[in-house]
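Quick notes on the structure that follows.
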Protein chains: 2
Amino acid sequence: MATADTAVLRRFNRAWSQRIGVLEESYLGQGRSLGASRLLFEIGPSGAGVLELRRRLGLDSGYLSRLLRTLENDGLVTVRADHGDRRRRVAVPTTKGRRAIERLERRSEDRALELVAPLGPSQRRRLDEALVTAERLIRAATSSIEPVAADGPQASYAVGRYFAELQERFPDGFDSEGAATTDVPGMSPPAGCFLVARVDEDVVACGGLQRHTARVGEVKRMWVDPDWRGCGLGVRMLAALEDEARRLGYGEVYLDTNASLVEAIAMYERSGYHAIGRYSDNPYAQAWFAKRLASLPR
Amino acid sequence: MATADTAVLRRFNRAWSQRIGVLEESYLGQGRSLGASRLLFEIGPSGAGVLELRRRLGLDSGYLSRLLRTLENDGLVTVRADHGDRRRRVAVPTTKGRRAIERLERRSEDRALELVAPLGPSQRRRLDEALVTAERLIRAATSSIEPVAADGPQASYAVGRYFAELQERFPDGFDSEGAATTDVPGMSPPAGCFLVARVDEDVVACGGLQRHTARVGEVKRMWVDPDWRGCGLGVRMLAALEDEARRLGYGEVYLDTNASLVEAIAMYERSGYHAIGRYSDNPYAQAWFAKRLASLPR
DNA sequence: TCCGATCTCTGACTAGAGTCAGAGAATGGC
DNA sequence: GCCATTCTCTGACTCTAGTCAGAGATCGGA
């Protein structure tokens with residue numbers, strides 16, 4: 001079972017990189033070295049800071065500097081000091097550079113078109129669907145779940161999306177004013193935490209943990225971006241919160257939810273939560289769950 | 001419409017190669033250079049001919065020779081002359097080499113497992129399905145349709161599979177004895193041809209064209225491997241045969257078929273064929289079709 | 001105003017990947 | 001048996017990608 005899908009993955013990778021990956025490289029090159037092309041592409045039509053480029057491409061500063069020099073010598077970009085901080089420099093494409101970027105775009109586009117050209121409309125549709133599905137799952141699988149400050153920008157963004165959704169889904173709406181700020185200290189160390197899942201810098205899920213009693217933690221603000229549901233992020237987030245609860249010394253976690261959040265309730269039950277009686281005075285709660293935490297494995 | 005799916009393709013490629021492609025490389029390397037690792041992997045546990053390796057990896061003979069020398073010096077392979085043709089040489093891994101190959105396998109496997117580990121069983125299943133679908137379509141899209149000798153090994157293989165399927169599907173079976181050999185001269189130049197579609201050296205579809213009258217060609221032996229149906233190969237094969245017919249000076253093509261081959265009949269109709277009266281004495285034919293060929297576009 | 005940190009750049013390297021020309025051995029067809 | 005061809009190998013290159021160690025400019029805070 002476990003080996004079956006890695007075989008699929010590896011076979012796919014082989015077939016894909018033989019046809020696309022390898023070809024792409026030699027294709028994009030065209031005169032310029034691949035490194036220089038990639039850099040030019042990454043600079044983009046509106047320019048980019050050198051520091052940011054180094055981060056995005058993961059290059060050595062000396063190497064990047066040299067690449068920039070060759071692009072400059074070819075008259076494709078100009079590099080000038082950043083206005084705010086004159087240690088930093090900014091690369092901006094010239095007109096010629098912008099044309100070169102467009103050419104790269106076009107080549108890449110042509111290559112993709114050439115590949116799907118032999119397929120009929122229904123095959124293309126199926127390929128599209130399969131690639132969209134695979135991309136979402138792969139991206140979700142490689143997303144990282146990390147603690148952030150409960151009052152930081154990432155938490156605020158996620159909680160804002162969460163509240164907006166509650167407002168829309170609860171039959172009588174949802175008043176976020178009261179809840180928004182009061183819980184921040186509770187979801188910070190040492191008695192709590194706030195986690196977000198990120199896919200390529202985008203926050204796509206969140207969840208908080210706070211103290212209920214000395215032995216019981218409470219999960220709050222569990223949310224997964226609607227575009228990213230069905231990828232297992234909710235289950236992972238919940239498991240990460242439970243790990244965190246164990247780490248903080250809780251032996252059990254509670255959570256409450258509204259009856260209208262049916263997918264969430266199903267997930268809690270799948271994850272081993274069982275219904276308990278009302279434990280809070282949360283006016284929006286209509287169902288209460290608990291799960292005993294086994295001690296840390298291994 | 002057309003740009004929509006190239007965007008999907010390119011987005012997928014970006015996400016995929018960021019996560020898999022790039023990591024794979026540094027991952028596999030481990031001490032040996034990437035080129036040497038790839039070669040060792042391609043030699044495989046049972047060895048391979050040098051000429052074949054060069055073809056498969058697309059390498060310069062000098063470069064390959066040098067890579068083999070380094071593997072030999074590391075005690076991973078032995079290179080000896082081919083028994084049949086002593087100009088050729090064969091690379092065979094030593095015990096140490098076989099162990100190194102296993103290690104590469106294991107690393108690659110681990111990498112794949114690591115990637116899918118965060119996914120639950122239902123997500124893995126969906127990823128599997130999506131990748132299998134995408135792989136099949138991509139491979140089918142990049143398959144090549146080429147003329148081969150009607151009495152060559154590729155044509156024999158394909159026609160053999162075709163006849164076997166007819167035997168199974170026709171209510172009263174099919175007698176291949178008579179048909180097998182008589183048509184070979186007809187499906188060869190100058191009045192006819194035989195085409196096969198290949199996916200990575202495997203023959204997955206075929207089709208023949210022969211003279212019916214001076215103005216009319218006849219399509220025969222259209223077959224697509226059951227594993228490769230639904231990828232548009234049948235439509236492409238038929239179109240290729242029509243192109244060939246035009247090239248050979250025919251203004252119209254006929255074909256006959258058995259009523260039990262329902263998918264084929266549907267495809268003929270989709271491709272612009274219309275039913276005509278019986279034109280042949282083929283005892284298995286129960287439906288007859290024709291299509292006028294427009295003159296070559298452009 | 002000084003000092004440590006940050007950012008970029010230059011010079012000096014290395015390793016990998018690959019090309020090109022030609023030599024030498026074996027082969028197959030005449 | 002001769003000769004063109006095929007296959008592999010060697011030597012002499014090139015180009016790309018990247019590392020490492022500083023130098024010099026600039027910044028932010030004490």
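Predicted model, so just to flag it, every value in this text is computed and none were measured.
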What is the distance, rounded to the nearest whole Å, between atom [atom1] of [X] and atom [atom2] of [N]?
| X | N | atom1 | atom2 | value |
| --- | --- | --- | --- | --- |
| A/L67 | D/dG18 | CG | P | 8 Å |
| A/L64 | C/dC9 | CG | P | 8 Å |
| B/R32 | C/dA17 | CZ | C1' | 17 Å |
| B/L68 | C/dG18 | CG | P | 14 Å |
| A/L34 | D/dG18 | CG | C1' | 14 Å |
| B/E72 | D/dC9 | CD | P | 8 Å |

Could you check whether any side-chain N or O of [X] sits under 3.5 Å from a backbone N or O of [Y], counting only pairs where one atom can act as donor and the other as acceptor?
| X | Y | value |
| --- | --- | --- |
| A/R236 | A/I145 | no |
| B/K96 | B/D74 | yes |
| B/R98 | B/P45 | yes |

_Residues in contact with DNA chain C, drawn from residues 80-93 of chain A - heavy-atom cutoff 4.0 Å_ =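 Within residues 80-93 of chain A, the residues near DNA chain C are A/R87, A/R88, A/R89.
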
*Residues from residues 46-60 of chain A sitting under 4.0 Å of DNA chain C, heavy atoms only?*
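Residues of residues 46-60 of chain A that come under 4.0 Å of DNA chain C are, in numerical order, A/V50, A/L51, A/R54.
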
*Looking at every strand, decide which applies to B/G35 at a 4.0 Å heavy-atom threshold: base, sugar-phosphate, or nothing.*
sugar-phosphate

*Out of A/L40, A/T94, A/I101, A/T70, which residue meets the side chain to side chain contact (heavy atoms under 4.5 Å, CB included) rule with A/V77?*
A/L40

_Check A/E42 with A/R38, please: is the shortest side-chain N to carboxylate O separation under 4.0 Å?_
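Looking at A/E42 together with A/R38, the answer is no, because their closest N to O distance does not fall below 4.0 Å.
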
*Are B/D85 and B/R88 within salt-bridge range, i.e. N to O under 4.0 Å?*
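Salt bridge between B/D85 and B/R88, a charged N being under 4.0 Å from a carboxylate O: yes.
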
*For A/V90, enumerate each residue passing the side-chain contact (heavy atoms from CB on, under 4.5 Å) test, keeping only those at least two apart in sequence or located in another chain.*
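Residues passing side-chain contact (heavy atoms from CB on, under 4.5 Å) with A/V90: A/R80, A/D82, A/V92.
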
*asked:* Whether A/S33 contacts D/dC15 is assessed here as follows: a side-chain N or O lying under 4.0 Å from the phosphate OP1 or OP2. Is that the case?
replied: no

*Out of D/dG18, D/dT10, C/dT8, which has the shortest distance to the side chain of A/S61?*
C/dT8

*Would you say the side chain of A/L68 lies within less than 4.5 Å of the side chain of A/V50, judging by non-hydrogen atoms?*
yes

_pair B/R32-B/L71: side-chain heavy atoms closer than 4.5 Å_ =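 Answer yes - side chains close enough.
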
_If you go through the side-chain atoms of A/R66, does one of them form a donor-acceptor pair with the base of D/dG18 closer than 3.5 Å?_
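Absent.
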
